K.L.:
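Before we start, here is the structure in question, set down as structure tokens.
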Amino acid sequence: MKYLHLIWAALFRRKLRTFLTLVSIITAFLLFGLLDAVRVGFDQAGKSANGAQRLQTGAKLSFIQLLPMSLGARIGQIDGVKDVAFANWFGGAYQKPENAVFSFAVSPNYLDVYPEMLVSPEHRKAFAEVKDGALVGEGLARKFGWKVGDQVPMQSTIFPDRNGSQNWPFKIVGIIKAADKKSGAWYEQMFLLNWKYFDDTTPWNQGQVGWYVTRVKDVGQADRVLKAIDEISANSDHETRTLTEQAAMSAWMRQLADINLIVTSIMGAVFFTLLLLAGNTMMQAVRERTGEIAVLKTLGFSGGSVLAMVLAESVLLLLIGGVVGLLLASVIGPAVSAGSGGALNLPAAGLASWMTGAGLSLLFGLAVGALPALRAMRVNITDALAGRA
């Protein structure tokens, strides 16, 4: 610690260069913190169902496999189940494929399972009575300028009607509002259509269900209910996998992409670039101070002391950038989650993330400082003072 002032002075000898390098390091560790939060969010999902208000049951083999309608009644008979609803993915787009919307064909009691979705009694009645009626989220209606009573042509990117056309007409009969804008804003982006109309119109469904949503009476018994649901179809041709909603979304994403591989690949590229940048900075810093290092050795500093000071300078640079980057990630992650209305879950960096970040800072600091430190240790006093080093 008695040489800290020398290390600090050497680190900020070229303030602009050090500042720009710190910005790069901070950015790298900010990305690390945010991406690690994504990974943690996916890994934590579904470890325990207790505390979950709703469970989602889909086919065990693949999310595109359909389930029999009869399964819903059997789920409803399980002790601890309050309500059971079902839905199918519709895959709708408005006017052109780029305008994709979250569109589902849902059972008549679907809204009972989601009290967070506010729909007026008049609109609920119209949705139940109008065969081709649709409920749309307030945000979605605002985006496309829709209002109650409008006829809306939708394209299904998956399901044709019985004539082979993928153009489906709907009448907007109601607006969905979110009870809590902070955690349920994504409900206002939904497009709900009647399951019966969907089933009667496309030949590809034939009375089958995409997934079931179960609302439990006691959130403390959710794990028991989850296991009981899956036991119904065990060893059948339609085995199920029941998860919490968050875990179901994570599983769906994992079937589309390997999240851990994506995160690891991005961070590998970022940190490789960081090593090159920080390493170049340290090499330049030591090369510029060859004469100063020779003076230090003349004053009695050993080669080992010089090596240790250069390594400490490199580690300090990485530690400062790493700490600031992770602090920013701890602030930005939860802020993004809150701003997404519950669509994203980016927890603040936990102890494991901080420990990993500190370890990477130390490791990278030693890695980028090793060659410059060895160069400094081997500086010949005579050659350096004569300008030949």
Side-chain angles (χ1 to χ4, degrees), residues 1-40 263-264 266-293 295-296 301 303-336 346-377 379:
M1 292 299 291
K2 65 180 180 179
Y3 298 137
L4 181 60
H5 62 289
L6 292 176
I7 297 169
W8 187 264
L11 181 61
F12 287 94
R13 184 171 183 269
R14 298 281 187 177
K15 293 183 176 60
L16 180 59
R17 182 175 63 198
T18 300
F19 173 76
L20 293 176
T21 304
L22 274 174
V23 169
S24 301
I25 297 171
I26 289 169
T27 303
F29 278 92
L30 170 61
L31 285 172
F32 165 75
L34 294 176
L35 290 172
D36 194 57
V38 172
R39 180 192 62 78
V40 169
V263 169
T264 302
I266 294 173
M267 290 315 308
V270 170
F271 282 134
F272 177 74
T273 305
L274 175 64
L275 283 171
L276 295 179
L277 177 63
N280 183 62
T281 298
M282 288 303 302
M283 287 294 290
Q284 287 183 352
V286 171
R287 191 181 301 117
E288 292 172 356
R289 304 201 308 268
T290 301
E292 297 174 16
I293 293 171
V295 170
L296 288 177
F301 283 81
S305 298
V306 172
L307 180 141
M309 283 194 292
V310 174
L311 283 178
E313 179 184 340
S314 176
V315 170
L316 181 61
L317 178 67
L318 269 294
L319 281 175
I320 293 174
V323 168
V324 175
L326 287 174
L327 283 174
L328 288 175
S330 296
V331 173
I332 293 174
V336 170
L346 297 178
L351 179 60
S353 296
W354 277 99
M355 294 296 290
T356 302
L360 289 173
S361 297
L362 179 61
L363 178 63
F364 292 157
L366 293 173
V368 302
L371 287 178
L374 287 173
R375 174 187 172 88
M377 183 180 69
V379 165

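Since this is a predicted model, take the numbers as computed values, not measurements. For this chain, numbers begin at 1 and follow the sequence in order.
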K.L.:
Using 0.5 Å steps for rounding, measure from the CG atom of L16 to the OG1 atom of T21.
P.N.:
9.0 Å
K.L.:
State the CG-CD1 distance between L317 and I25, to the nearest 0.5 angstrom.
P.N.:
4.0 Å
K.L.:
Of the options V368, L360, L318, which is the one that meets L274 in a side-chain contact (heavy atoms from CB on, under 4.5 Å)?
P.N.:
L318
K.L.:
In Å and rounded to the nearest 0.5 Å, what is the CZ to CG distance from F364 to L366?
P.N.:
11.0 Å
K.L.:
V310 vs M282, test: side chain to side chain contact (heavy atoms under 4.5 Å, CB included). Steps then yes/no.
P.N.:
CA-CA 9 Å; V310 174; M282 288 303 302; 4.1 Å; yes
K.L.:
Show the nearest heavy-atom pair for residues M283 and P372, with the distance to one decimal.
P.N.:
SD-CG, 3.4 Å
K.L.:
Please name the pair of heavy atoms, one in M267 and one in A28, separated by the smallest distance, quoted to 0.1 Å.
P.N.:
CE-O, 3.8 Å
K.L.:
Would you call the rings of F32 and F29 parallel, tilted or perpendicular if under 30° counts as parallel and over 60° as perpendicular?
P.N.:
perpendicular
K.L.:
Which pair of heavy atoms, one from A285 and one from E313, lies closest together, and at what distance?
P.N.:
CB-OE2, 4.3 Å
K.L.:
For G365, does its backbone N or O pair with a side-chain atom of S314 as donor and acceptor, under 3.5 Å?
P.N.:
yes
K.L.:
Distance from K15 atom NZ to L22 atom CG, nearest 0.5 Å?
P.N.:
13.0 Å
K.L.:
Provide the closest heavy-atom pair for L326 versus G357 in the form atom of the first, atom of the second, distance.
P.N.:
CD1-CA, 4.0 Å
K.L.:
In Å, rounded to the nearest 0.5 Å, how long is the span from CG of L34 to CD1 of I266?
P.N.:
11.5 Å
K.L.:
Looking at every non-hydrogen atom in both residues, tell me the closest pair between S361 and L319 and how far apart they are.
P.N.:
CB-CD2, 3.6 Å
K.L.:
If you round to the nearest 0.5 Å, how far is CE of M309 from CG of L307?
P.N.:
10.0 Å
